[in-house]
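So the structure is just underneath, and the comments pick up after that.
First the proteins, then the strands, lettered A, B, ... as listed; each starts at 1.
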Amino acid sequence: MKELFQAIYGGILYGSIYGLMAIGLTLIWGSLRMLNLAHGSLYLVGGYVAWTALNQWELPALPSFLLGVIAAGLMGLIIQVLLINRILGRSEFFTAAMIATLGASIVIDSGALLIYGARVKQMPPAFEGQFKFSGVVITYQGLLIVAVAVISFVLLGLFLRRSRHGLSIQAVSQQMDAARLMGIPTVTTFMIVMAISGALAGLAGVLLSSVFYLAPTAGFNPMVKALVVTIFGGLGSVKGTIWAAYAIGLLEAFLQVYFGSGAALPGLFLFMIIMLVIRPTGLFGLGEEQRL
Amino acid sequence: MLKVSNLHAGYGGSEVLHSLSLQVGDGEAVVVLAPNGHGKTTLLRAISGIIHPTAGRVEFDGQVVSGKRASEIVAAGIIHIPQGDLPFPEMTVMENLLMGAYRPEAWAERKQRLEQVVELFPVLGERTNQLARSLSGGERRMLALGRGLMAKAKILMIDEPSLGLAPFLIENVYQAIREINKNGMAVLLADENADHVEGLADRVYLLESGTVVKEGNVADMLRDEALLAAYLG
């Protein structure tokens, strides 16, 4: 029974982390049909800025975390304005955007190396302490991550479904010409999406820097996992991404608990391959069309 | 109100519209008639800013709008209902309609405008929570018209309103367009079918190979069967 609870808790925790990272990627794919290879670097920006605010500027935890999230959102916006807006509408947009975001990622990661050095850093948890439930150790920081992720998903869902700008993001994702004919400024919408996506990656960076170490390459693994989740959920589907995040989180945790850590990653990719053979567009994917 | 002067537009290096000129007055209903492939859709796309004219100009309410972004042209008061309706498929009927009122001025009045749209198209009121992709062809056309009405526009440009609809639905759609025009909104209709424009439009422009070859009063033009046969087949 202890193993079962361990796997469920671990799965929910992983799912929350993957969801936070993956939703930003899927929002960008949905509206721009672009693979943002700088997403992991935005995670880094969030983590490092929060760490700096907390440890060097000695700000309290909450403002430090907020600064991390805002900085990552701003960095996303800068990438959009300086790089992506300039290549919108070009014939090879997909490839050009991948190269541009890869370039941005190299610049940000190298900047982190120059400023902070290669030595790993760790953020102190926002809430110290832990308790045991059915023999499973549950940390308060873990619970915070799950709670923040769920609140973020709910708020994002409300924003996308209820607000004028949220609805316009969906409209641009689904039918860009019609969105333009309704007066929706597509470039502004892309900038909003990139800022939200960056802020979500930054939030993941802030929260996870107390669980994992912070290093100039630390954004890569979360981004790869987020990519897997995004593809599994169906590129561009927010609902699919959240389901996929928890499905993959639970699968990974169950494989770790019952078959050992070594089985988790191969098992995960085997599952992905089988799923994509059966359903190539992912859980909630709707098929793709050329957009820009 | 809308004045198109010597407009040239096309796709890539290929020009579709050649020095096309036309006008639509305040509250007027005007039809552009032409068979497929003669530039009706390109004309509407060039006016609404989806493609940019290569020469000539479009003025609306005395202000030049050609070359501006689509969002600015909508803000000026021009709404284009495209061929194929282009609904947002994974959004509900209500969300589609709300997107019609995207501009802040229209958004502030969205509740009143929703009431007006539902009054004109009661079927949309019965389907508010249904996804747009699940609507029938006729309902989709109503949704496209309703979405256009939400925008607080001054002119509605409608591309092929009868395209792909069953004959019994076509009359309903034209009736709705008549109602919209009667309520004071100017209408520019692009159509290949002359059957439904009588009693709806005030003036007609006949288009051939991307330019106006004839313009005049609807009744006179529709009486000239030789002319209609020559241009529309």
Side-chain angles (χ1 to χ4, degrees), chain A residues 26-27 29-31 33 85 88-91 157-192 233-243 281-292, chain B residues 12 41 44-45 47-52 68-92 94-108 110 129 131-133 140 143-144 146-153 156-159:
Chain A
T26 213
L27 277 177
W29 179 268
S31 52
R33 298 294 188 270
N85 281 356
L88 284 174
R90 299 260 173 103
S91 57
L158 287 173
F159 170 73
L160 290 174
R161 284 280 167 204
R162 300 281 165 85
S163 76
R164 181 169 150 260
H165 288 300
L167 286 169
S168 73
I169 290 172
Q170 292 191 68
V172 169
S173 304
Q174 294 177 27
Q175 182 40 262
M176 193 154 65
D177 271 351
R180 292 172 68 197
L181 291 174
M182 293 298 106
I184 297 170
T186 46
V187 174
T188 308
T189 307
F190 295 152
M191 293 190 329
I192 294 172
L235 281 162
S237 164
V238 171
K239 187 168 71 174
T241 299
I242 294 174
W243 279 106
T281 56
L283 279 181
F284 290 84
L286 296 164
E288 291 307 328
E289 57 181 51
Q290 187 62 39
R291 292 292 307 281
L292 289 163
Chain B
T41 297
L44 299 197
R45 289 169 68 88
I47 296 173
S48 59
I50 291 292
I51 59 170
H52 289 302
K68 292 198 170 176
R69 286 198 296 268
S71 55
E72 293 171 305
I73 293 172
V74 171
I78 300 175
I79 279 286
H80 172 186
I81 297 171
Q83 204 176 86
D85 306 323
L86 308 186
F88 305 117
E90 299 302 311
M91 293 168 80
T92 63
M94 172 67 86
E95 289 167 343
N96 266 271
L97 291 173
L98 286 175
M99 278 298 86
Y102 175 80
R103 288 191 313 116
E105 302 84 348
W107 187 260
R110 62 192 183 281
N129 294 319
L131 290 181
R133 70 174 151 83
R140 278 168 53 133
L143 177 60
R147 196 173 61 176
L149 287 175
M150 291 291 294
K152 207 182 170 191
L156 219 50
M157 303 193 302
I158 311 169
D159 197 356

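- The shortest side-chain heavy-atom distance between A:Ser173 and B:Glu90 does not fall under the 4.5 Å cut-off.
- Remark: A:Gln175 CD to B:Asp85 CG distance equals 10.5 Å, nearest 0.5 Å.
- Per-residue counts of heavy-atom pairs under 4.5 Å with chain A were compared for B:Arg110, B:Glu72, B:His80, B:Met91; the largest is that of B:Met91.
- Here the CZ atom belonging to A:Arg161 is positioned 13.0 Å from the CE atom belonging to B:Met94, to the nearest 0.5 angstrom.
- At a threshold of 4.5 Å between non-hydrogen side-chain atoms, the residues B:Met99 and A:Ser168 count as touching.
- Proximity to chain A is limited to the backbone of B:Pro87, based on heavy atoms less than 4.5 angstrom apart.
- Residue-environment remark: NZ (B:Lys68) exceeds the threshold of 12 foreign heavy atoms within 6.0 Å.
- Residues satisfying the side chain to side chain donor-acceptor pair (under 3.5 Å) criterion with B:Lys152, sequence neighbours excluded, are B:Glu109.
- Shown here is A:Arg164, whose CZ atom has more than 12 heavy atoms of other residues, nucleotides or ligands within 6.0 Å.
- Counting all heavy atoms, side chain and backbone alike, A:Ala178 lies closest to B:Phe88 at CB-CE2, 3.8 Å.
- We find the CD1-CZ distance between B:Ile73 and A:Arg180 to be 9.5 Å, quoted to the nearest 0.5 Å.
- Side-chain atoms of B:Arg45 and A:Asp177, non-hydrogen and from C-beta on, do get closer than 4.5 Å to each other.
- With a threshold of 4.5 angstrom between heavy atoms, B:Ile50 approaches chain A through its backbone and through its side chain.
- In this structure, CE on A:Met182 lies 13.0 Å from OH on B:Tyr102, to the nearest 0.5 angstrom.
- Between the side chain of B:Arg103 and the backbone N or O of A:Gly183 there is no donor-acceptor pair closer than 3.5 Å.
- When side chains are defined from C-beta on, B:Pro82 counts as touching A:Leu181, because their heavy atoms get closer than 4.5 Å.
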